[in-house]
Amino acid sequence: MKSAIYPGTFDPMTYGHLDIIKRAANIFDEVVVSVLNNKEKTPLFSVSERVNILKEATKDIPNVRVESFEGLLTDYCKKIGVNVVVRGLRAVTDFEYELQMSQMNRKLSNHRVETIYFNTTLKYSYLSSSAVKQIAQFHGDLSAFVPDFVAKLLYERFGYKE
Ligand code: COA
C-alpha cells in the first residue's frame with residue numbers, strides 16, 4: 001500500500017488545500033493529512049478545530065485520514081511508516097522554501113523521505129489561509145475560497161452573527 005502525508009498548518013483549510021488532497025487521494029492508496037501543532041505561528045483555530053474542519057471536508061473521501069503532529073516532519077513520517085510527503089506549489093515564490101524543506105527532510109531522513117509536488121489548480125494559485133482570514137475579518141465573500149461551514153466558523157470567530 002502506497003501512502004503519503006500532506007502536512008500543513010491548515011489555519012484554516014481552503015479549497016486550495018482540498019484540491020491537493022483530492023488529487024493526491026486519486027494517486028495514493030492512502031493520504032494522511034496532518035495538522036502541524038506549530039508553536040511558531042499563532043493560529044486562529046486550535047489544532048483540534050483544524051483537524052475537525054479537515055475531517056468534515058474530507059468525510060466522503062475514504063482513503064483520507066486526518067491527524068495532527070508536532071516536532072520534526074521526518075520523525076513523524078518514521079513514526080507512522082510513510083516516506084512520501086505531498087505539497088502544493090502555488091507559484092514560483094513557493095519554490096525556494098519548498099526546495100529547502102524537501103532537501104532538509106531528505107537529509108534528516110537519511111534519504112528515505114521524498115517530497116512530491118502538485119501544481120495548484122490555477123484558480124487557487126493566489127489563495128492562502130491568511131488571505132481568507134483577512135477577508136473574514138471584514139465579512140467579505142468567502143464562497144470561492146472555503147466551504148460554507150468553514151466560512152461560518154470564520155465569521156463567528158471574528159464576531160459576526162450569521
Ligand atoms: N492552496 C491554498 N493555500 C496554500 C496551498 C494550497 N494548495 N499550499 C499552501 N498554502 C498556503 C497556506 O494556506 C499557508 O498560508 P498562510 O501562510 O497564509 O497561513 C501557506 O501556504 C503555507 O502553509 P502550509 O502549507 O501550511 O505550510 P507551513 O509552511 O505552515 O508548514 C510544514 C509546512 C508543516 C510542512 C513544515 O513547516 C514542517 O514540516 N514543519 C515541521 C518541522 C520540521 O520538520 N522542520 C524541518 C524541515 S525544514
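Order of listing sets the numbers, starting from 1, for every ligand and every atom in it.
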Tell me whether ligand 1 is touched by [X] - counting only heavy atoms on the residue side and a distance under 4.0 Å.
X: Tyr97; result: yes
X: Leu127; result: yes
X: Arg87; result: yes

Give the residue and atom name of whichever protein heavy atom lies nearest to atom 22 (C) of ligand 1, and the separation in Å to one decimal.
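That would be Lys41 NZ, 4.5 Å.
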Basic-acidic side-chain contact under 4.0 Å: Lys123, Asp19
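Here Lys123 does not pair with Asp19 in a salt bridge, since their nearest N and O are not under 4.0 Å apart.
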Check this for me: does any side-chain nitrogen of one of Glu70 and Lys39 sit under 4.0 Å from a carboxylate oxygen of the other?
yes
Counting each atom of ligand 1 from 1 as listed, which ones have a heavy atom of Gly71 under 4.0 Å away?
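Listed by number with element: 41 (C), 42 (C).
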Looking at atom 35 (C) of ligand 1, is any protein heavy atom nearer than 4.0 Å to it?
yes
Indicate, with yes or no, if the rings of His17 and Phe10 have centres closer together than 6.0 Å.
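Distance test on ring centres: under 6.0 Å, yes.
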Between ligand 1 and Leu72, is the shortest N or O to N or O distance under 3.5 Å?
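It does not: no N or O of Leu72 is found under 3.5 Å from an N or O of ligand 1.
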Cys77 side chain reached by Ser109 side chain, heavy atoms, under 4.5 Å
no
Considering only heavy atoms, does Asn105 approach ligand 1 within less than 4.0 Å through its side chain, its backbone, both, or neither?
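It is the side chain that gets close, since no backbone atom is under 4.0 Å.
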